[in-house]
Amino acid sequence: MAEPGSGLPSGLAVPTFLPWLTGLGAGMVFLSFLQKLLYPYFWSDLWYLLKMVRCGLWTTGKHGQKGELVTVLDKFLIQAKKRPQKPFIIYEGDIYTYEDVDRRSNKVAHVLLNHSPLKRGDTVALLMSNEPDFVHVWFGLAKLGCVVAFLNSNVRSVSLLHCIRSCEPRVLVVGAGFLETIEDVLPRLPEGISIWAMKDSVPQGIISLKEKLSTASDCHVPRSHHAISNTKTPYLYIFTSGTTGLPKAAMICHLAAMKSSTGLWAFGCTPDDIIYITLPLYHSAASLVGIGGCIELGATCVLRKKFSASQFWNDCRKYNVTVFQYIGELCHYLCKQPKLFFTFHLIKYDFQKDEPIRDEQGWCSDVKKGEPGLLISQVNEKNPFFGYAGNKKQTEKKLLCDVFKKGDVYFNTGDLMVQDQEDFLYFWDRIGDTFRWKGENVATTEVGAIIGMLDFIQEANVYGVVVPGYEGKAGMASITLKPNMSLDLEKVYEQVVTFLPAYARPQFLRMQEKMEATGTFKLQKFQLVEEGFSPLKISDPLYFMDNLKKSYIPLTKEIYDQIILGKIKL
């Protein structure tokens with residue numbers, strides 16, 4: 001019987017499990033509240049983690065009809081067969097369908113197969129700007145089983161020669177706009193390299209690839225030329241400036257390329273998306289994540305020769321862009337490092353000694369949240385580091401051993417990061433002899449060596465300084481003169497413009513009487529970086545790079561103020 005005044009009909013019994021359910025419901029509500037308060041991103045992170053684990057399992061398996069290992073090229077061929085008339089690349093208003101790119105890359109493959117000494121496994125260097133033929137040549141060479149080395153189209157002279165030599169190519173393919181660049185270094189190229197140019201009229205000693213393409217076959221290239229038996233075999237070389245010296249060729253295997261190609265999918269992109277790529281294709285962000293990501297999805301890519309702030313949104317409206325790639329410092333660096341839900345640490349770093357801090361027992365330690373630390377990622381069988389082509393010393397420099405315990409090995413990213421209270425990571429700075437400017441790594445030793453070639457320069461100490469309103473750091477060179485020599489500002493300007501890409505040219509000069517060195521006899525940079533480029537704080541003569549006058553000019557307070565206010569653009 002119901003209790004009097006209980007509100008329940010007479011004769012209706014209360015189920016014994018009802019209070020238990022009520023308590024459980026209250027507990028679930030409390031736990032949900034607690035989760036949202038303490039771990040607001042728990043569920044989204046969990047679903048993303050499961051998605052990436054699934055992706056990792058998928059990219060390491062066999063997925064062909066006969067159980068073959070599938071590569072990025074295989075995925076492209078599947079898309080070309082599945083959706084041949086779908087636009088793959090839109091460039092300056094012209095549309096290139098998946099079938100168009102397939103046929104054009106077939107032509108490239110047949111020309112080089114029939115008219116060059118190339119064979120499976122050979123390396124081919126590619127010097128070309130963002131254009132459809134970059135992809136045509138890349139895929140054509142991939143169809144022959146060749147390893148393609150993407151040369152940075154900004155490098156010149158000594159740096160360009162170094163890059164070509166380090167990857168040891170049998171063939172060099174050059175875009176129409178880079179013939180003069182190659183002609184400058186032609187006499188110093190290693191013997192045995194044949195040079196092909198995407199231009200009808202070419203100088204003696206260079207072969208016209210464009211001319212031969214006009215009569216080449218576009219029929220299917222047998223898969224036997226590019227089928228792989230191991231996903232860890234080389235696929236590409238992508239150059240990075242690293243932390244010291246000249247650029248290094250990082251080996252990208254087929255497995256790494258496949259993993260990178262799932263990036264757009266992992267962040268929710270679909271086949272219906274139109275991806276806008278303005279980043280240089282010689283970088284992994286644009287080529288592996290951008291082009292590779294479009295292939296994975298079967299999406300369309302709007303490719304632009306280079307980034308234009310004034311035309312960016314016009315292009316987005318014109319082509320109905322739904323996704324674009326951004327090379328913000330954090331995004332760019334993390335795209336080139338292992339996926340971050342695997343083991344990583346931010347460890348304490350000594351900015352004066354330019355090395356990780358170790359305790360009395362020799363171990364490193366993690367920084368606290370909110371403090372900058374060196375980003376390192378553990379190297380193991382699941383997360384390998386393949387190193388740089390022909391550069392064992394630089395490969396070893398990127399590895400830290402005995403970090404937290406005897407025998408462990410970590411990859412040194414060279415990035416100083418900050419982790420906030422919500423566990424988001426932010427880029428803080430680069431370590432060593434490198435800084436970032438205009439989305440590129442600048443190797444200070446390389447810039448210093450170029451300036452040091454001038455007969456009146458005794459020493460050049462190059463570093464980056466913060467400029468309000470700009471990402472990264474602008475280049476600055478502190479210089480000393482040889483005895484009884486005078487500073488020729490026009491010659492300094494001519495030297496850096498001739499031998500350095502635009503992003504590596506120092507915006508500021510500082511003339512000192514002598515250089516300060518560290519206890520290990522390295523040039524002191526820390527204090528110079530802290531002092532910046534303000535003529536109000538620095539008594540040494542300061543100079544600013546003036547492209548109109550084609551010289552460095554005195555950095556006055558007026559010029560400094562205009563730079564700070566954004567009236568003078570760097």
Side-chain angles (χ1 to χ4, degrees), residues 153-156 241 278-280 304-314 326-329 332 427-430 434-444 446-448 450-451 454 457 460-481 486-512 525 527-570:
S153 57
N154 290 297
V155 298
R156 298 290 186 273
S241 61
T278 66
L279 311 181
R304 188 176 176 88
K305 203 173 194 72
K306 62 180 180 179
F307 173 77
S308 170
S310 62
Q311 295 299 314
F312 185 90
W313 293 113
N314 290 335
Y326 174 56
I327 199 171
E329 297 297 325
H332 177 74
F427 177 78
W428 196 74
D429 202 357
R430 285 288 287 173
T434 303
F435 60 90
R436 294 282 293 176
W437 182 245
K438 301 293 186 182
E440 298 278 358
N441 276 353
V442 179
T444 60
E446 180 185 351
V447 178
I450 293 297
I451 297 175
L454 293 165
I457 298 291
N461 188 7
V462 179
Y463 49 97
V465 292
V466 174
V467 182
Y470 290 87
E471 286 188 352
K473 294 184 176 181
M476 187 165 184
S478 176
I479 57 176
T480 58
L481 300 177
S486 58
L487 178 62
D488 189 327
L489 294 170
E490 290 186 358
K491 280 191 176 180
V492 178
Y493 177 90
E494 182 183 0
Q495 180 79 352
V496 299
V497 169
T498 302
F499 293 102
L500 293 172
Y503 62 82
R505 299 165 190 166
Q507 299 291 320
F508 309 103
L509 297 180
R510 175 175 178 173
M511 194 167 74
Q512 292 185 290
K525 296 181 188 287
Q527 187 63 33
L528 295 174
V529 172
E530 290 290 303
E531 291 173 355
F533 64 102
S534 171
L536 302 176
K537 298 179 181 178
I538 301 170
S539 58
D540 294 329
L542 298 175
Y543 303 94
F544 171 65
M545 187 178 192
D546 191 323
N547 291 312
L548 293 177
K549 295 182 179 179
K550 295 187 177 180
S551 178
Y552 283 90
I553 61 174
L555 178 57
T556 62
K557 181 182 180 301
E558 290 72 25
I559 293 177
Y560 174 80
D561 289 340
Q562 287 183 305
I563 294 171
I564 298 299
L565 294 172
K567 294 181 178 179
I568 292 180
K569 303 294 183 183
L570 301 185

query: How about Phe508 and Tyr543: are their ring centres within less than 6.0 Å of each other?
result: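 Ring centroids of Phe508 and Tyr543 are no less than 6.0 Å from each other.
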Between [X] and [Y], which heavy-atom pair has the shortest distance, and what is it?
X      : Y      : value
Gly448 : Ala460 : O-CB, 3.8 Å
Phe533 : Ile538 : CA-CD1, 4.1 Å
Leu555 : Pro535 : O-CB, 3.8 Å
Thr498 : Arg156 : O-CB, 4.5 Å
Asn154 : Pro501 : O-CB, 3.1 Å
Ala474 : Val467 : CB-CG2, 3.7 Å

task: Indicate yes or no for a side-chain donor-acceptor contact from Tyr470 to the backbone of Leu570 under 3.5 Å, with no hydrogens or angles considered.
output: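 Yes, because the side chain of Tyr470 sits within donor-acceptor range (under 3.5 Å) of the backbone of Leu570.
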field: Under 3.5 Å donor-acceptor, Arg505 side chain and Val497 backbone
entry: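 Flag set: sc Arg505 to bb Val497 pair under 3.5 Å.
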- request: Kindly indicate, with the supporting measurements, whether the criterion side chain to side chain contact (heavy atoms under 4.5 Å, CB included) is fulfilled by Leu454 and Val492.
  value: CA-CA 8 Å; Leu454 293 165; Val492 178; 3.8 Å; yes
- prompt: Taking it one step at a time, do Glu490 and Lys549 satisfy salt bridge (charged side-chain N to carboxylate O under 4.0 Å, His left out)?
  reply: CA-CA 9 Å; Glu490 290 186 358; Lys549 295 182 179 179; over 6 Å; no
Output the distance between atom [atom1] ([X]) and atom [atom2] ([Y]), rounded to the nearest 0.5 Å.
X      : Y      : atom1 : atom2 : answer
Thr556 : Ile559 : OG1   : CD1   : 4.0 Å
Phe544 : Ser551 : CZ    : OG    : 12.0 Å
Leu481 : Ile457 : CG    : CD1   : 5.5 Å
Tyr552 : Lys491 : OH    : NZ    : 16.0 Å
Leu487 : Met511 : CG    : CE    : 5.5 Å
Tyr463 : Lys473 : OH    : NZ    : 11.0 Å

Is there a side-chain contact between [X] and [Y], using heavy atoms and a 4.5 Å cut-off?
X      : Y      : answer
Gln507 : Trp437 : yes
Met476 : Leu509 : no
Val496 : Met545 : yes
Val442 : Val447 : yes

Worked verdict on Gln495 versus Ile451 for side chain to side chain contact (heavy atoms under 4.5 Å, CB included): CA-CA 7 Å; Gln495 180 79 352; Ile451 297 175; 5.7 Å; no
message: Between Val465 and Phe435, is the side chain to side chain contact (heavy atoms under 4.5 Å, CB included) condition met? List the steps.
response: CA-CA 9 Å; Val465 292; Phe435 60 90; over 6 Å; no
With no hydrogens and no angle check, do the side chains of [X] and [Y] hold a donor and an acceptor under 3.5 Å apart?
X      : Y      : answer
Glu558 : Gln562 : no
Gln512 : Ser478 : yes
Tyr493 : Asn547 : yes

field: Lys/Arg N to Asp/Glu carboxylate O, Arg510 vs Glu531, below 4.0 Å
entry: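 Looking at Arg510 and Glu531, the cut-off is met.
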- prompt: Does Asp546 pair with Lys550 as a salt bridge, N-O distance under 4.0 Å?
  reply: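 The answer is no: the pair does not qualify as a salt bridge.
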task: Assess whether side chain to side chain contact (heavy atoms under 4.5 Å, CB included) is satisfied between Thr480 and Asn461, documenting all intermediate values.
output: CA-CA 9 Å; Thr480 58; Asn461 188 7; over 6 Å; no
